[in-house]
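Read the numbers this way: they start at 1 and go in the same order the structure lists the ligands and their atoms.
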Amino acid sequence: MTKIGVLTSGGDAPGMNAAIRAVVRTGIYHGYQVVGIRRGFAGLLAGDIEQLELGSVADIIHRGGTVLRTARSEEFATDAGQAQAYANLVAAGIQGLVVIGGDGSLQGAAALAERGIPIVGVPATIDNDMAGTDLTIGFDTAINTAVTAIDRIRDTATSHERTYIIEVMGRLSGHIAVAAGLAAGAESIVVPEALITNQQICERLQRGFQRGKRHSIIVVSEGAGSGYAISEYIRAYTGHQPRVTVLGYIQRGGSPTAQDRILASRMGSYAVELLHQVPGGSQMVAIRGGQIISLPLREVAGQPHTFDPELLLLSQILAI
Ligand code: F6P
């Protein structure tokens, strides 16, 4: 193997740039020619490929987003799209590929690998919803962004003695809501994996106010429903006038935390080591108990990864 490629795909996540940097520099360290494929699988289908040198990835370790840019490609999801993608890899002389992205991207990578190219997936999504790994690149930054925002909202919540609902991202998983809610001391955390009814939210709210609480923070994961709908219910049921903040895409951007930079550097570098030492098949880099490991990509892509339920229980005990 002499030439390897790297691409980022799906929703961007802080730390993707640090992972690209690690792939490029470890690849060059081992004597490979490294190319970057722009705009994920969409760019692969368009043949949008550039040579990357040591200096191409200078000054990016601290930057959010992805310098290779990213996309969600519907064409790549088709059989014809994957055949074309494979043909483009062969035509470009790419003999091994590192795919940095979330679960959908790594499922696509697993399918592409079956056509005959070694691929290593690097899990990167703010949602932390990927099986086999304790953490995905971007999650730590996203929860820190959410906690900073909730802390600010708490200032105004205490001043006005109000209830605030903060809707966070996470697609169908509650990782962000549970981690940010626990760290920010939320009174209630609403997640798709352990749904509570609007009435239960109201009863918890009322119990708190009866005990003397003068404000309340409710964190809702987008997959559990709309913060605005919960607000309407609370308004009708309790007479409170909740305020709603949807944090949205600010959770996806921003400079990665030190933890995400370190994780991305370790995972990106290990992805190249895997191509170097085990040139064949498809694998995913993961971290478990602090150790960087590899797993068969086919076995983990598409599998659920739920949060530790004890964290949710702890948040409820501490918000009593
Ligand atoms: O997967 C990351 C994520 O930000 C999810 O939390 C969110 O549901 C989704 O992407 C939004 O996707 P899009 O970028 O297509 O709007």
Side-chain angles (χ1 to χ4, degrees), residues 7-19 38-43 63-77 99-110 121-150 165-181 183 189-193 195 219-230 244-257 260 263-264 267 284 286 300-307:
L7 64 82
T8 49
S9 169
D12 63 341
M16 278 184 163
N17 281 328
R38 296 191 203 94
R39 298 184 294 108
F41 293 117
R63 284 169 57 189
T66 159
V67 292
L68 286 177
R69 286 175 271 147
T70 187
R72 302 189 195 275
S73 170
E74 284 180 21
E75 191 188 347
F76 178 73
V99 174
I100 303 167
D103 199 41
S105 302
L106 296 199
Q107 285 183 56
V122 173
T125 164
I126 62 165
D127 300 336
N128 203 34
D129 60 348
M130 298 189 60
T133 186
D134 293 343
L135 288 169
T136 57
I137 295 166
F139 176 64
D140 187 61
T141 307
I143 61 174
N144 276 287
T145 301
V147 167
T148 301
I150 299 168
I165 297 171
I166 296 107
E167 186 184 306
V168 297
M169 278 188 164
R171 204 180 288 276
L172 297 176
S173 92
H175 284 275
I176 295 177
V178 168
I189 301 173
V190 190
V191 290
E193 298 91 336
L195 275 177
V219 175
V220 181
S221 177
E222 62 176 353
S226 151
Y228 286 102
I230 294 173
V244 182
T245 301
V246 178
L247 291 187
Y249 292 91
I250 68 160
Q251 294 159 101
R252 283 246 293 261
S255 180
T257 59
D260 269 332
L263 181 66
M267 285 185 161
M284 185 185 90
V300 280
Q303 300 303 312
H305 170 214
T306 46
F307 56 80

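- Inspection of the N144 and T257 side chains reveals no N or O donor paired with an N or O acceptor under 3.5 Å.
- Protein residues with a heavy atom under 4.0 Å from ligand 1 are R72, T125, I126, D127, M169, G170, R171, E222, Y249, R252.
- Contact check for N128 versus H305: side-chain heavy atoms found under the 4.5 Å cut-off.
- For the pairing with T136, the side-chain contact (heavy atoms from CB on, under 4.5 Å) check across V122, T125, D103, D129 returns one residue only, T125.
- Contact check for F41 versus E75: no side-chain heavy atoms found under the 4.5 Å cut-off.
- A 4.5 Å side-chain heavy-atom check between N17 and T66 finds at least one atom pair inside the cut-off.
- Applying side-chain contact (heavy atoms from CB on, under 4.5 Å) to M130 and the options S173, P123, P304 leaves one that passes, P123.
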